[in-house]
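Hydrogens, waters and symmetry mates play no part in the numbers below; they use all other heavy atoms, side chains included. All residue numbers in this chain count up from 1 along the given sequence.
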Amino acid sequence: MDLEQLPPLNLSLEFMSGLVMLVVEKLNGDLPELTQDGQFAHTLDELLIFDRELHSRFDYPVGEAGPLSVLSQAHFFQRMLDMEKRRTAERIDGFFLSPSAWKPLSVAKDEEYRATECGYNFYQVIQIIEERCHSFLQPGHRLQFVEFILDLLDEFRVRLLQVLKTERDQPLSETAVGILNSTDFFLSMMENWNDLPFYVQMMFFRKQVHGTSESDNEAKEELLEGLFDAQITLYKHVRDDLLSSLVRRVVGELKHQSKSYLSDKWFSMLPHSPLIPASLTASAVGMFACLQNHLCDLNKRLNPSLFKSALRSISSLIEEHLLNDLILDNHFNDGGAAQLKFDVEKNLIPIFGEYSEVPDRGFRQLKEAINLLNLPFGSATLLQDALENPESKATDIDLEEFGVKRLKHHVVSKVLRSRLSLHKNDRLRECSALKISAVLRGWLCRIRTGRELRLRFDTTRHEVKRNPGVLQDPGKLGKIIEALLLMNNRGDNDHERVEWLGQQLVVSHSFVREWMTSSPIWHSRIRRLILISLQNTCTTPGASLRIPLRLLEIYGDSKVTHFLIQHGYFRLLSELFQRVCPDDVLSPAAGSVIDCFLSPLLQSQSERRERGELLWSMWLELTRHHSSSSLGQFLLPRVASSLSSDSVDILVDLVHTWASGLISDPSIRPEDPVTVLSHFLVLTEKRFQANFEATSPPPLLPYLLVLYLLLKAIPVPSPEDMSPPLERLNAVPHVELIRQAVTHGSEENMTIALARVTAEVFRLGGERAVPLNRILFTLAFNGAFLSSLWSYLSSARAQPSPFSPSGAPLMKTLSNGIPLASHLREEFLPPLTLFCALLNQLISTLHDSEVLDPKGSSTMPFSVPSLIRLSSSLIDLCLGLLDLSHPVLQDQTYLTCFHRAAELLRQLHIRDSRKPFCPPSHWLSNRVLLPQSVPTNFWPVGQEEEDSPVALKTSDVRFRVILEEIPFTVPFMDRVLFLQASMENERVESQRDAFIHDVPFINIRRNYIYEDAFEKLSPDNEPNLRKKLRIHMMNAQGLDEAGVDGGGVFREFLSELIQSIFNPNRGLFCATGDNTHYPNPEAPLLFPDFSKHYYFAGRMLGKAIFEGLLIELPLAPFFISKLLGRDGQNVDVLHLETMDPDLYKNLLSLRSMPAEQVEDLGLDFTVTLEQYGANKTVELKSGGASIPVTAENRIEYIHQVADFKLNRQLKYQCQAFASGISNVIPMPYLRLFNPTEFQTLISGARVPIDMSDLRANTVYASGYTADHPVILAFWEIVQAFDETQKRALLKFVTSCSRPPLLGFKELYPAFCIQSAGQEDRLPTASTCMHLLKLPEIRNRVMLKERLLYAIESGAGFELS
């Protein structure tokens, strides 16, 4: 080959390439060995410096392989990125904890932004990460760094919001102003970064990774998007809120200082004079001084752009304040207008002139208003007339001639009126004087006329006393009646005159009735007199009731009654009734009032129209005012008994029309809607007790609609207010009516109406409405109603639209997280909420066999396939409602429905976890996504569950609610990973100081492991069990055991301690027949301070879970259910099977036993306890020893016995134990799991041991390697073991026979096999280190025999 034809070689480059390749090979071999973050970080920094020097100083080509190619490998790059994230998080924590975090930097170059120390340090961190990003050439690597920067910016914003929570009421503090400057600083930086070519390129790659929109318009919009647009929007929101709070605080203080200035005497100020120079109004000095101080302070502390924005906002608010609260609320004379102009133009505007080149720009409307105040009177009058004259068309040009360009016409008119009103005061005073004199003359005239009429009346009365026959003269009697009618019953002793004249009319009724028949005038006089008599009796204390009632009896024909009804007849009689029957005792006078009240109702039984008018008037008068209980107790029942079925039907139609108006117009709502409902129930009670087999069945649908409307008009009251109407609704006849409605009402409208009524009853009943309300409880056990209600809910659709011709299904709409229209929300959500509550009540009280094998039962309407479909729908519904209620809309109706649906879903899931009936993965949803990182303090210790301890992202808030309400929609392993990641966060947070302070050793004697641990790990000695603990074990001889606690000794100690705690011989816990543990009911007799022992036991179990330690500790399922229950929730009779199967079986047989056999058992409401040889009888309820168990109360007896055994006996033990666990792990973390999953969490899964997984994650020591002959023989032998032998081996080495939940890769320390030397020894183990000490036995048969002998001997686990 001709060497001259070869391309020239760059020897320097080839030499450098060779050296670089040596470095790369060395790195490939050494980097996996750098297990500590400090070593890895140091190597990383050196590599980056080397790479930068290589390219900048030695001109090494960019395309050639360099040392960073090693870091570009996936596992190294990810480790580097994770390390950077941890280091950055620690640095940011330090920035925020610095005492000078929010003090501005003192460098001159930062004058433009006034960045704080924390903000500037964070900016430097971003710069370092950006420099790291540029070191890598692959777009994928760069994009990961860019995503890291975006996450940091979002995290920084969230941390700012957390700090601001403490400064919420101090927007002018150094911290708040520093955060405002920092926020604006990063806004400016991000806006600059958006335009940099590098970040534009990264945005393009990001869209390539995440995909682009199919729509052309959306694609064009995406092309215009910047990488930091989302963060810029969020930071702008924070900045604007902070700036707005700051401005409001400044203006608020100015308004407080301006109170005296606003109320100054502007209407009486002296005009300016050349002899006396103008000066600032004295009342304005404080306000202007306050303004000047604030502006000076803000100018020093805010950066220029923020200060300009604040200046504009402050000037705008001051202008609005002075215009609305000073000019428009005061009257000005010429001197006041001139003084205001001087204050504004010579004092206020110059203050702003110190900081702005155009200071009057923010006060243009104020200046225009002041100019209007200073117009000559004639010009102002002409302008005012032009504006107020409707025929005049005052245009903008007209106003511009007066220098007005910005004020609206109505504002100009108000300003002019504040000026012109002083000149119109004289004319107004004249008009007012005329009106006052007219009113006075009329009053005097009425007084004089009344005096004359009373004199005439009294003269005639004296004449009658002398000559009673005078009243037989129609002229005389007519005049005295007219005089009384003209008096209006307003003078002294008028009530006596009314009573006297009423008595005379009663006496003279024979000829007065003849006059009424022959003359309409007399008819009018008598009916008006009866009305005045009724009014007089109602308003006058001590007035006689006999006279008006006798007048009604004598003269009350149909025409008189019709007139009285039009003028409040029923209202007056109801007031009279409440007056004579105040103490719920029916008096004879009250009976007479009732007769008069019923008289018109009994007279009008012919025409439907007349009855309708009469009933309508009665209803309006009864509902217009508040009434006493006696009205509903005595009067209304008599009214109801007098009404025919047809009249009640008319009343229902009328009330339906009236109640519909309550919903459309809340302004006509009665004062006491609860009483209105009670009145309606009383009036219709007789009619709607009829059964459906009658010849004239009641119109149930209109009745239900009226009930719904009346219930809907009632706001949520106190339980005492709702007790009377709810008692009537819950009365047995009414409940029977509802039951018959379900049985006979096959129409969908009937189901909807009934659902809406019961939904309102449920709303008003509160949290425990279903078990306490007879209607709801009855419907909960009515399978036909629940089935028809679910059918309606499943098929309900919205109105047809162009996008959905048949109407969108409402359930699907909610499941997709789409809000309903307001009317659909009000109509659909309450029945849906009701259905969930009723079915939850039903399922919670049925036995598993009744739920899963109904066999045509009318109680359980859903078969197993139906329950599977229903639960699937509920999962989607809950997730959709979650989108609508957390955290954007916070609509109470969506939130209530979500909680009820989640409760039902949890009830179904509990059944499925106890007796599986759903297919695998049924409860999981692909709509639930795990957060990319677990926030710190997601559920902090000691925090209430509903509190928000930290400012969480929207996705984190939603995920938190899912975990609280429906955690089973997340796969079990994902929840375990979430728990472990959360505990790791908490462990790092709690054990951070362990690197600074020495961790104390705790000496424990092995023979007294419980006693020593109880004393030395008590809350007083070790209040924080989350931090790292070291244990020093001492053997029976008091000598130190071998080994240093690097974590293994503590794990062995904790495992043995928990086994000792739960040992039944200790007396704290008992064992069931299947060897599961629960608290000993008799522990208080053994341990006077038993609650401390259970608290200690809970802390130890919590510590084991916190450390991820598996312990073979079978807990009773009912005990786990009590621990995981919400708010100390008691468990029901179904859990008794796991505690005492025999007692549970006997109680079930009692439930189905014939009635006569129940009484033969001779049971009563007591239980007999055996306490250490002595029997003790305990009453299940007050007086239970004297209450026999019968067929009627046996269900109560069953629940009382179960409640005593499961809840009352163990209440305080379980409370102390749960408190101990929550001291280490917040209970919401543990409620992520059901009882079966919780048992798996603490003891491991009951799955076959994967020996290949164990082998792949085993390490070797002391000469052993994976291909050593003894090791090869060991794995062949172990692989041939049966499952029992495999578990024995695992327990021998790790003290637990079950594998870790997430595989042996999670076992810490890792499973290790170490050479034990000569073959004449038996295999031994150090459980604390998961170490198997295996002798070098070459003979395979001997190796198997000795291995089996060792693992099956049951030896202890002390360090060898």
Side-chain angles (χ1 to χ4, degrees), residues 983 986-987 990-1063 1065-1069 1086-1113 1216-1217 1220-1221 1223-1225 1242 1293-1296 1308-1309 1312 1324-1331 1333 1355-1360:
M983 294 302 100
E986 300 293 346
R987 192 178 299 113
S990 298
Q991 298 175 354
R992 179 178 297 172
D993 294 338
F995 297 100
I996 303 174
H997 307 289
D998 292 332
V999 179
F1001 279 93
I1002 300 174
N1003 295 318
I1004 299 292
R1005 296 172 294 174
R1006 189 173 291 276
N1007 288 356
Y1008 299 92
I1009 188 171
Y1010 179 80
E1011 290 76 8
D1012 288 353
F1014 181 74
E1015 174 189 356
K1016 297 180 180 180
L1017 295 180
S1018 65
D1020 295 333
N1021 295 326
E1022 291 295 338
N1024 183 13
L1025 279 187
R1026 294 182 165 206
K1027 69 180 184 180
K1028 187 175 182 180
L1029 299 176
R1030 293 181 180 178
I1031 300 297
H1032 194 97
M1033 300 296 296
M1034 303 171 65
N1035 59 21
Q1037 288 74 33
L1039 301 176
D1040 295 342
E1041 293 184 357
V1044 177
D1045 187 9
V1049 177
F1050 173 76
R1051 297 170 72 87
E1052 180 204 3
F1053 152 76
L1054 190 58
S1055 177
E1056 291 192 17
L1057 173 62
I1058 291 179
Q1059 296 294 343
S1060 174
I1061 291 173
F1062 284 86
N1063 188 342
N1065 294 328
R1066 184 166 296 280
L1068 288 173
F1069 289 87
L1086 300 173
F1087 302 91
D1089 55 346
F1090 71 95
S1091 61
K1092 294 183 179 180
H1093 289 271
Y1094 283 106
Y1095 184 79
F1096 170 74
R1099 293 183 86 207
M1100 293 304 104
L1101 182 59
K1103 179 64 173 177
I1105 300 174
F1106 185 78
E1107 297 293 342
L1109 176 63
L1110 293 182
I1111 301 174
E1112 291 195 60
L1113 177 66
F1217 190 85
I1221 293 181
N1223 179 257
V1224 183
I1225 301 180
I1242 61 176
V1293 180
T1294 67
S1295 77
C1296 183
Y1308 179 80
C1312 180
T1324 58
S1326 295
T1327 58
C1328 61
M1329 298 302 295
H1330 300 162
L1331 177 65
K1333 299 177 182 178
F1357 304 120
E1358 183 175 337
L1359 287 167
S1360 61

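Judged as a side-chain hydrogen bond (donor to acceptor under 3.5 Å, both in side chains), and not counting sequence neighbours, Ser1091 has no contacts. For the ring pair (Phe, Tyr, Trp, His ring centres under 6.0 Å) test, no residue two or more places apart in sequence or in another chain qualifies with Phe1090. Every residue two or more places apart in sequence or in another chain was checked for a salt bridge (charged side-chain N to carboxylate O under 4.0 Å, His left out) with Glu1015, and none qualifies.
For Glu1011 and Arg1005, the salt-bridge test fails: no basic side-chain N is under 4.0 Å from an acidic carboxylate O.
The backbone N or O of Ile1111 lies less than 3.5 Å from no partner atom in the side chain of Gln1059, so there is not a single donor-acceptor pair. Without hydrogens or angle criteria, Lys1103 side chain to Val1224 main chain gives no donor-acceptor distance under 3.5 Å.
The distance from atom CZ of Arg1099 to atom CG of Leu1025, rounded to the nearest 0.5 Å, is 3.5 Å. Distance CE/Met1100 to OG/Ser1055: 13.5 Å, rounded to 0.5 Å. Note that CG of Asn1024 and CG of Asn1223 are 8.0 Å apart. Values are rounded to the nearest 0.5 Å. Atom-to-atom distance recorded for Ile1031:CD1 and Glu1056:CD is 12.0 Å, nearest 0.5 angstrom. Note: Leu1054 CG to Ile1009 CD1 = 9.0 Å, rounded to the nearest 0.5 Å. Between Leu1101 atom CG and Leu1113 atom CG the span is 6.5 Å, to the nearest 0.5 Å.
Annotation for Ala1013 and Phe1053: closest pair CB-CZ, 3.9 Å, computed over non-hydrogen atoms. Closest of all the heavy-atom pairs between Ile1061 and Ala1097 is CG2-CB, 3.6 Å. Minimum heavy-atom separation, Leu1068 to His1093: CD2-CB, 3.8 Å.
The closest side-chain heavy-atom distance from Ile1004 to Asp1012 is below 4.5 Å. Residues Ile1105 and Met983 have side chains not in contact (no heavy-atom distance under 4.5 Å, counting atoms from C-beta outward). Looking only at side-chain heavy atoms (C-beta outward), Leu1029 and Leu1017 come within less than 4.5 Å of each other.
Tyr1010 pairs with exactly one of Leu1057, Ile1058, Asn1063 by the side-chain contact (heavy atoms from CB on, under 4.5 Å) rule, that one being Leu1057.
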Dump the intermediate steps for ring pair (Phe, Tyr, Trp, His ring centres under 6.0 Å) on Tyr1094 and Phe1069, then the final yes or no. CA-CA 10 Å; Tyr1094 283 106; Phe1069 289 87; 5.6 Å; yes

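Classified by interplanar angle (parallel below 30°, tilted 30° to 60°, perpendicular above 60°), the ring pair Phe1014/Phe1096 is perpendicular.
The number of heavy atoms from other shown groups lying within 6.0 Å of NZ (Lys1016) is above 12.
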